[in-house]
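Every heavy atom of this structure was used, including side-chain atoms; hydrogens, water molecules and symmetry mates were not. Keep in mind the model is a prediction, meaning the values are calculated, not measured. In what follows, every chain begins at residue 1, and chains take the letters A, B, ... in the order their sequences are listed.
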Amino acid sequence: MKTKQEIIPLDFEKPLIALSKQISELEEKTLKNGDSKIVGDLKNQYEKVKGQIYKNLSPIERIKIARHPQRPYPLDYIQAISQTWYELHGDRTGKDDGAIVGGLIEIDGQTVMVIGTQKGRDIKENQKRNFGMPSPEGYRKALRFFYHAEKFNFPIVTFIDTPGAYPGLEAEAHNQSHAIAMNLRELAGLTVPVIAVVTGEGGSGGALALSVANRVLMLENSVYSVISAEGCAAILWRTKDKASEAASALKITAQDLYELGVIDEIIPEVEGGAHYDHKQACENVLNSIKNHLRELKELSPEELKTDRQEKFRRMGAFSSI
Amino acid sequence: MKTKQEIIPLDFEKPLIALSKQISELEEKTLKNGDSKIVGDLKNQYEKVKGQIYKNLSPIERIKIARHPQRPYPLDYIQAISQTWYELHGDRTGKDDGAIVGGLIEIDGQTVMVIGTQKGRDIKENQKRNFGMPSPEGYRKALRFFYHAEKFNFPIVTFIDTPGAYPGLEAEAHNQSHAIAMNLRELAGLTVPVIAVVTGEGGSGGALALSVANRVLMLENSVYSVISAEGCAAILWRTKDKASEAASALKITAQDLYELGVIDEIIPEVEGGAHYDHKQACENVLNSIKNHLRELKELSPEELKTDRQEKFRRMGAFSSI
Amino acid sequence: MGLKDFFKNRQLKKAAKLAANGNGHDLKVEPPVCDDQLCILWTKCQGCNELLYTSELKKNYSVCKHCEYHHRLTAQERIDLLADYGSFLEIDENILPGDPLNFKDLKPYTVRLKDAQKTSNSKEAIITGIGTINNQPLAIGAMEFQYIGGSMGSVVGEKIVRLTERAIEKRMPLVLVSSSGGARMHEGILSLMQMAKTASTLKKLHEEKLLYISLLTEPTFGGVTASFAMLGDILIAEPQARIGFAGRRVIEETIKQKLPKDFQTAEYLLENGQIDLVIPRQNLKNIISELIRLHFKSTKLKDEVMPFSQIPLFARI
Amino acid sequence: MGLKDFFKNRQLKKAAKLAANGNGHDLKVEPPVCDDQLCILWTKCQGCNELLYTSELKKNYSVCKHCEYHHRLTAQERIDLLADYGSFLEIDENILPGDPLNFKDLKPYTVRLKDAQKTSNSKEAIITGIGTINNQPLAIGAMEFQYIGGSMGSVVGEKIVRLTERAIEKRMPLVLVSSSGGARMHEGILSLMQMAKTASTLKKLHEEKLLYISLLTEPTFGGVTASFAMLGDILIAEPQARIGFAGRRVIEETIKQKLPKDFQTAEYLLENGQIDLVIPRQNLKNIISELIRLHFKSTKLKDEVMPFSQIPLFARI
Ligand SMILES: [Zn+2]
Ligand SMILES: [Zn+2]
C-alpha cells in the first residue's frame with residue numbers, strides 16, 4: 001500500500017461516484033462554455049450527499065468500511081508509527097503463524113512489544129496470513145511475545161483486525177480453545193501496560209485473545225463483536241440476509257461500545273474511512289497510543305495488573321435483588 | 001507383567017541354562033538310581049558359574065539386562081509403589097505422547113507427581129509408546145506436570161527408561177531440541193524436591209530431560225549414557241561390532257557413574273537383574289525414594305532449588321591453570 | 001402412530017421450538033424426551049433409541065444401561081451428583097439478567113429470558129454455590145444447557161467470578177461443570193467480555209495456587225470452552241461429550257470437507273492431548289473428590305492455611 | 001591433475017582425517033580448503049564450487065559473492081565480526097580439558113585433544129570473553145567447530161557457565177554463537193551433564209531478566225541445540241545453516257524415508273516457528289547490537305541497575 005491507489009468504492013458510496021462523475025463531465029464542458037453555475041450547484045449537492053452518507057453510517061456500512069480491502073492493516077500501522085521494527089517469529093514448537101505478527105518497535109524512545117493480527121492484500125499473501133484468522137499456534141506465538149514483554153518490561157500494543165480465530169480441523173486438533181483461553185488469562189496477569197487497538201474487524205474470541213488490555217481503543221469505523229453480523233442473522237433470524245438488522249442489534253460500532261463502557265477511546269478517521277488517508281490514520285493511532293502510554297507509565301507494575309483485572313471484572317449488565 | 005512368566009535368558013546366561021538343564025536331567029535319573037553326588041557337584045558348579053557371571057557383568061552385559069524385555073518398566077514401579085494412581089494426560093496442544101506417562105501417587109501419605117518414560121511390552125503397545133522414545137510433545141507434557149507439581153508443592157519423582165528422544169521428521173519439525181532444553185532449564189528452577197530414578201536405559205538428552213534432579217538414583221543394572229554404545233562404536237570405531245569396547249570406554253554403569261559423582265545412589269537388584277523379581281525391585285526403589293524424600297523434606301523451597309542448581313554446576317572435569 | 005413415532009414427532013417439535021431460542025452454535029439440540037405425563041414413565045435413549053424406564057435411568061445417573069450414553073443433566077442434577085446430600089448452599093441466586101442492548105431479533109431478548117426461565121425452571125444458565133464432596137469443602141458451579149443453550153451472558157460471568165472469588169477467600173477448590181453453546185449473543189459484546197472476566201479472575205485463583213477442576217459435559221463450545229472451561233488444572237470430560245471451539249458445521253463449511261465422526265468428542269480430545277481424563281459419570285464424584293484430597297493435603301503443608309476441617313464453612317457465607 | 005581435481009583430492013584427504021576426530025553426529029565435515037601456501041590465494045566456494053580470491057572472500061565476511069554461501073568462521077573470526085575492534089578481552093582461557101574417563105577408542109582422547117589444539121589453533125571448542133558491540137557491553141562466547149567438531153565437553157560447559165555468571169554479575173547481555181556436532185562423547189556422561197549445567201545457569205540469567213541472544217551457525221546439533229543454543233530470548237540463525245537435534249542420517253535410518261532437501265536449514269526452522277530471524281552475516285553485528293539497545297533501555301528503567309556507560313567494564317574483570 002505504498003503507492004497511491006485508486007480507492008475501490010463501497011456500494012453505499014455509489015451516489016457519490018455518480019455525482020463526482022457528473023461534475024467532472026460538466027467541468028470539462030464548462031471549460032468550453034464558461035457556465036459554471038451548474039457545476040457549483042452540483043458540488044454543493046455532492047457535499048450535502050457526502051455529509052448525509054458519512055454522518056449517518058449504519059452499522060452494516062461500518063462493517064463494510066472495516067473490511068475494506070484498502071484499509072490500513074496492522075503491519076501498515078506498525079511500520080508507520082516507528083522507524084525501528086524488528087519482527088520476531090514463531091511459537092518455538094512447529095509453526096510461525098502468518099496471521100499473527102509481532103516484534104519490537106520504539107515509541108517515544110521506549111521499546112514496545114507490538115503484536116497484531118494480519119490479513120493479506122492478495123491471494124498469495126492471504127495463503128500465508130489465512131485471511132487474518134489465527135491458528136492456535138498464532139495465539140501461542142503471541143503468548144510468547146507477551147512473556148517476552150513481561151520479562152523485559154516492555155509495554156504491549158496490539159492491533160486487531162481479524163474475522164476471528166480460524167475454525168478448522170487442525171485448529172481444533174491443536175486446541176484453539178485452550179490457546180485463546182490461556183491468552184485471556186495470561187494477559188490478565190501481566191505487569192506491563194497493555195493497549196489494544198481495534199483497527200478493522202474485531203472478531204469475537206479471536207480478537208479478545210489480544211485485547212485484555214488496560215486500554216482498548218477503536219478506530220472510528222472499526223467493529224468489535226461477539227459474533228459476525230452474518231452469523232448472528234443466520235442463527236437468530238434464520239437468514240444471512242438480515243445481517244444489517246443483526247449488525248444494528250449487536251451494537252458493534254465504536255460509538256456503541258464506547259457508550260457501553262467496553263472501550264476507552266474512539267480514534268477518528270478521515271471522512272469515508274481510514275483507507276482514504278493511511279498517513280492520517282497512522283498519525284491518529286500513534287498519537288492516541290502515545291497518550292495512553294504516558295498515562296499508564298504513572299502506574300506501578302502491580303497497579304497495571306490490578307487496573308486491567310478490575311476493568312474486566314466490572315464488565316457485564318445484570319440486576320441483583 | 002502380572003502373571004509369573006518364564007524368564008527369557010540373555011546370551012551370557014547360556015552356561016547357566018545348560019547347567020540347569022543338566023542338573024534337572026540328572027536329578028530325574030538320580031531319583032531312580034539313588035546316586036546324588038554328581039548332582040551335588042553340578043549344583044556347586046552352577047553356583048560358582050552363576051557367581052562368576054553375575055559378579056563380573058561387563059558394561060555391555062549390563063546394557064542387555066537394562067534392555068531386557070521383561071524388566072520392570074516405569075508404570076510397573078508406579079503402580080507397585082502406591083495404591084493411589086491418577087494418570088494425567090496430554091500436552092494441551094495436540095498430542096498425548098504415550099512414551100511419557102505421568103500423574104499423581106502417594107508416598108508416605110504425601111502426594112507426589114510421578115513422571116516416566118514408558119516402553120511397550122508388545123508391538124501394539126510399542127506403537128503407542130514409540131518404544132519409549134518421547135516426542136517433543138511428550139517433553140512438553142512432562143513440563144506441564146513439572147509446573148503442576150510446582151504449583152501444588154508436590155515432590156516430583158521421575159522414572160527413566162528410554163533409548164533416547166525420538167529422532168524423527170515430525171520430532172524435528174516440532175522442535176525436539178527446544179522441548180528438551182526447556183525441560184532442563186525449568187527443572188533447574190523448581191522449588192519442590194525432584195528425584196530421578198534411572199530404571200533401565202538412560203538414553204542421552206532424552207533421559208536428561210527428566211533427570212535434572214536433586215537426587216539421581218540408578219538401579220544396579222541400569223545404564224546412563226551420552227550416546228548409545230552402538231552409536232559411539234559406529235562413530236569412533238567405525239563399526240557397531242565394537243559396541244562392547246564403547247560401552248566400557250563410555251563408563252555407563254551405575255557403579256561408574258557413582259564413582260564419577262554423577263549419581264547419588266545405586267539401588268540393588270536381585271542376582272541376574274530386576275526382571276527376576278519385580279516385587280523386590282519395586283520395594284527397593286520405594287524404600288530408596290522414601291529415604292531421599294524424607295531428607296529433601298528438610299530443605300526449604302529456595303534450598304531445594306539451589307541444591308539442584310549447585311549439583312549440576314559442579315559437574316565436569318577440567319584443569320584450571 | 002406407534003409409540004416410537006409418537007416420541008419422534010414430539011422430539012422434532014420440541015427441537016424446532018428450542019432451536020428458535022438460539023444458541024451461538026450449530027449444535028443439534030437434543031430436547032429431553034420426557035416433559036409431561038405421557039412419557040414420564042419411559043425415556044427414549046438418545047444414544048441407542050432404546051426405551052428405558054425413566055426411574056431406572058435416573059437411578060443410573062441418566063446413563064443408558066445398554067449403550068452408556070450419558071444423557072444431559074440439569075444443573076441441579078449435576079450438583080446433586082457431585083455435592084454431598086444436603087451440603088449444597090446456593091449463592092448469588094438473585095443475580096438476574098438485564099437487557100443491556102434492548103436486543104430483539106424475531107423475538108425480544110426479554111421474552112426469550114422468560115421463556116428460558118420457564119422451560120428450564122432455572123433463573124439463569126448456571127447455578128453456583130458452596131458444598132462438600134465426600135466431606136471436603138468445595139465451590140461448585142454447574143451450567144444449565146436448557147437455559148438458552150447454556151449460553152454465557154453477564155449473569156453467568158458474574159456468578160462464576162463471585163464463586164471464584166469465594167474459593168479464593170475461603171481457600172477452597174473450585175469445580176465448574178460446563179455445558180454451553182458459547183457466548184450469549186443477545187448481550188452482544190458484553191457476553192464476549194465474560195470470557196475475559198472469568199479468565200482474569202481465574203488468573204487470581206491460579207496465582208493463589210488453588211485447585212480448579214473443570215468438568216466438560218455434552219456439549220461445551222465457543223466462548224465457554226475458550227475461556228474458563230479450558231483453564232482447569234485438571235480437565236475431565238464425560239464419555240462422548242462434544243467439546244470444541246467452533247461448531248462442526250462451521251468447520252465443515254470452512255474447510256469444505258467432512259469431519260471424522262469422533263471429531264470433538266471427549267475421546268478425541270483425550271487422544272489429542274487436550275484433556276486429562278474421560279470419566280464415566282458414576283465415577284465422577286469419587287474421582288473428583290480424590291483429586292481434591294490429593295491436592296489439598298499439600299497446599300496446606302506449603303501455605304500453612306487453615307485446614308479445611310477447621311473452616312466454619314457455612315458460617316461465613 | 002587440474003587445479004580443481006587437486007583441490008578435491010586435498011579436500012577428501014582432509015575430510016577423512018577430520019572425520020577420524022569424530023564428533024557425535026553424522027555431519028558432513030567441510031574442511032577449510034586453504035591451509036597451506038598452495039591455496040592461500042584461492043578458496044573454492046563450498047556452496048557453488050567457484051574459485052574465489054581468499055582475500056576478497058575474507059573481506060566479504062567469508063560469504064560467497066556468487067551464491068551467498070556462508071563459510072564457517074573460526075571462533076576468533078566470529079568474535080572479530082561481532083565485538084568492536086580491540087574491545088574483546090578473553091576470560092577463562094586457561095580452563096583446559098582433562099581426560100576423566102581415560103577414554104581411548106582407536107586413539108586416546110588425550111592425543112585427540114592435542115591434535116585438535118594443533119588443527120584448530122585453539123585451546124578448546126569455545127572462546128569466551130567480555131567486549132563491546134557498537135559501544136554496548138556484552139558477554140560473548142563463540143564455538144570453534146574445528147576443535148573436535150565443536151563438541152561440548154566439560155570445558156565448554158564450564159566456560160559458558162562462567163560467562164553467564166559474569167553476565168549476571170555485571171548485568172550484561174549474553175550472546176552465544178554455537179557451531180557444534182553435539183556432546184563430546186569422549187567425556188561420557190560428563191559431557192551430557194554440560195547440557196544440564198548450562199541450562200541450569202541460564203535459568204538464573206532468565207530469572208535475572210537479562211537478555212540472551214543465541215546465534216546458531218552451520219552446523220548446530222545434538223546436545224548443544226538441545227540445551228543452551230535453543231534457550232535464547234531471541235534466536236538468530238545464519239542463512240542455510242543446518243540446525244537440529246538428531247542428524248539427518250540417523251533420522252533417515254529411523255524413519256526409512258528421505259528427508260526434504262531444506263530439512264533442518266535455518267530457513268526450515270524459521271518456517272517451522274523455531275527461530276526468530278535468519279540474518280545474513282554482514283548484518284549480524286548491527287542487528288544484534290540494535291536488539292541489545294532495545295532491551296537494555298527498558299531493563300534499566302525497571303530494575304534501576306547502573307547504566308552500562310557507568311560500569312567500569314574492564315576494571316573489575
Ligand atoms: Zn442407549
Ligand atoms: Zn559460492
Fill in: Heavy-atom proximity to chain B below 4.5 Å, by part of C:L211
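Both parts, backbone and side chain.
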
Item to complete: Examine whether an atom of C:L277 lies under 4.5 Å from a heavy atom of chain B, and if so say whether it belongs to the side chain, the backbone or both; otherwise answer neither.
Response: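 For C:L277, side-chain heavy atoms alone lie under 4.5 Å from chain B.
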
Worksheet item: What distance separates C:R293 CZ from B:T111 OG1, expressed to the nearest 0.5 Å?
Response: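 C:R293 CZ to B:T111 OG1: 7.0 Å, rounded to 0.5 Å.
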
Worksheet item: Distance from C:N272 atom CG to B:D91 atom CG, nearest 0.5 Å?
Response: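 If we round to the nearest 0.5 Å, C:N272:CG and B:D91:CG are 9.5 Å apart.
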
Worksheet item: For C:D276, which of B:H148, B:R144, B:H89 qualifies under side-chain hydrogen bond (donor to acceptor under 3.5 Å, both in side chains)?
Response: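 By the side-chain hydrogen bond (donor to acceptor under 3.5 Å, both in side chains) criterion, C:D276 pairs with just one of B:H148, B:R144, B:H89: B:R144.
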
Discussion item. Run the side chain to side chain contact (heavy atoms under 4.5 Å, CB included) test against C:A83 and tell me which residues pass, sequence neighbours left out.
Written reply: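 Partners of C:A83 by the side chain to side chain contact (heavy atoms under 4.5 Å, CB included) criterion, ordered by chain and then number, come out as C:I79, C:S87, C:F88.
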
Item to complete: Could you pull out all residues at least two apart from B:S288 that satisfy side chain to side chain contact (heavy atoms under 4.5 Å, CB included)?
Response: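 For B:S288, the residues satisfying side chain to side chain contact (heavy atoms under 4.5 Å, CB included) (neighbours in sequence not counted) are B:L217, B:E265, B:I267, B:H292.
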
Worksheet entry | Nearest non-hydrogen partners of B:F152 and C:L210, listed with the distance |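 Smallest heavy-atom distance, with atoms named: CE2-C, 3.8 Å.
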
Fill in: Closest approach of C:H295 to B:L104 (non-hydrogen atoms, all atoms of both residues)
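That closest heavy-atom pairing would be CE1-CD1, 3.3 Å.
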
Item to complete: Please state whether the side chain, the backbone, both or neither of B:T84 comes within less than 4.5 Å of a heavy atom of chain C.
Response: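 Side chain of B:T84 only, per the 4.5 Å heavy-atom cut-off to chain C.
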
Discussion item. With a 4.5 angstrom heavy-atom cut-off, is it the side chain or the backbone of B:E137 that approaches chain C, or both, or neither?
Written reply: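 Answer is neither: B:E137 stays 4.5 Å or more from chain C.
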
Counting only heavy atoms not in [X], do more than 12 sit closer than 6.0 Å to its [atom1] atom?
| X | atom1 | answer |
| --- | --- | --- |
| C:Y61 | OH | no |
| B:Q83 | CD | no |
| B:E170 | CD | no |
| C:E68 | CD | no |

Discussion item. With a 4.0 Å cut-off on N to O distance, would you call B:K95 and C:E271 a salt bridge?
Written reply: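 C:E271 and B:K95: not salt-bridged.
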
Worksheet item: Is it true that B:K151 and C:E207 make a salt bridge, defined as a side-chain N closer than 4.0 Å to a carboxylate O?
Response: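 Looking at C:E207 together with B:K151, the answer is no, because their closest N to O distance does not fall below 4.0 Å.
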
Fill in: Validation row: C:K209, B:N153 side chains within 4.5 angstrom (heavy atoms)
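In short, these two side chains do not touch, never coming nearer than 4.5 Å.
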
